[in-house]
Amino acid sequence: MIAGPHSPQALMIRKLDSIFPLSEEERQALRDVPVQVTVLKADQDVVRIGDRPSQCCLLLEGITQVYKLTTEGKRQIMAFHVPGDIPDLQSLHLEVMDNSVATISPCTVGFIQHEHMRRVCERHPRIAAAFWRETLVDASIFREWLLNVGRREAYTRLAHLLCEFLVRLKAVGLVEDDTFDLPITQVELADAIGTSNVHVNRVLQAMRANGLVQTRGTQLIVPDWERLKEAGEFDPLYLHLEREGDA
Amino acid sequence: MSLTLQPVRVHTGFEEEGVLVFDGSQRLVAVLVRLSDRNEVAPGQWFLEAGFGPLGGVNYPAFADLDAAQDWIGQRLTQRL
């Protein structure tokens, strides 16, 4: 696909730029990286635990999950990814996938061959540093989630997760008037915050009643950002954004 | 596995009644709650709100009625003890 203003490469550049400012030469080098665009259905594995991928997946539209299963088949979602992210970026250096990545909603993704990623990194060490930074931020998000799932109340956990979605989606221009699309089920929210869907429903109803969130179809509206942040004990530091906007 | 039930009110934030579930040795093994009709996930179903010992964990199911819930608890206790 040819790199235009709304190309897959432009989205990747915008995301990388939000955590690591790039020069025009580096941006151009990323625009020249070949990307194969594919549309995937909801609830479809992009890459599975044990796989040895030869490509990375750049998320262009939709939301994906990083997950693992217990032997009984219970799922823990460890992270969500939003457009501009590369959920399996670690596969560039770790040969075998130690987690699975699946779509939550229907997604558009762009596959980038590892060899092309390596070439652009070899020629542009600051791009390699930007990708490194992206994996470090992913690790920081895992650490924050461990605290969230392990030690916070369900109400705080969910508020924290919604804050994270808002800030990350805002960084790639997908939030308008404190409203964003969140095509995610209560089962998926439960598997992410380590509780049951029954309890997620109670918490969501309480959050709606308290005026922290409104829902309209799959749209989530945050009428009072400061209150949601307070309810979620949310400090965006762990996202290491260069420009946090008004987060 | 003979289970005994004792009605209890549980502070879930909704108008919901529940039962304490004891095993044959009169040990508390679970708290079941009949979900409010306002619950959007499993209205009116019996939900394993909390489990102890072999029933400890987080991914709790909801059951159509109290018998189904007791059967499930009985099976889990027999398997794990």
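Below, read A as the first sequence line, B as the second, and so on, with proteins coming before strands; counting in each chain starts at 1. Here the structure is a predicted model, which means the values were calculated and not measured. What's counted below: heavy atoms across the whole structure, side chains too, no hydrogens, waters or symmetry copies.
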Stepwise side-chain hydrogen bond (donor to acceptor under 3.5 Å, both in side chains) check, A:Q205 with A:N201: CA-CA 6 Å; A:Q205 290 201 41; A:N201 185 252; 2.9 Å; yes
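Remark: A:D85 pairs with A:K15, A:R168 by the salt bridge (charged side-chain N to carboxylate O under 4.0 Å, His left out) rule, at least two apart or across chains.
Residue-environment remark: CD (A:Q214) exceeds the threshold of 12 foreign heavy atoms within 6.0 Å.
Of the candidates B:T4, B:V10, B:L5, B:L28, B:L20 forms a side-chain contact (heavy atoms from CB on, under 4.5 Å) with just one, namely B:L28. No option in A:Q76, A:Q65, A:R75 other than A:R75 meets the side chain to side chain donor-acceptor pair (under 3.5 Å) test with A:D191.
At a heavy-atom separation below 4.5 angstrom, chain A is approached by B:T12, B:F14, B:E16 within residues 11-18 of chain B. Residues of residues 32-41 of chain B lying within less than 4.5 angstrom of chain A, judged on heavy atoms, are B:V33, B:L35, B:R38, B:N39, B:E40, B:V41 in numerical order.
Under the 3.5 Å distance criterion, with hydrogens and angles disregarded, no donor-acceptor pair is assigned to the side chains of A:T156 and A:E153.
A 4.5 Å side-chain heavy-atom check between A:F234 and A:L162 finds every atom pair outside the cut-off.
The stretch residues 173-214 of chain A participates, sequence neighbours left out, in no ring pair (Phe, Tyr, Trp, His ring centres under 6.0 Å) pair at all.
Proximity to chain A is limited to the side chain of B:E49, based on heavy atoms less than 4.5 angstrom apart.
Taking the six-membered ring for Trp and the full ring otherwise, A:W145 and A:Y238 have centroids separated by 6.0 Å or more.
A donor-acceptor pair is defined here as one N or O able to donate and one able to accept, closer than 3.5 Å; such a pair exists between the side chain of A:T103 and the backbone of A:Q44.
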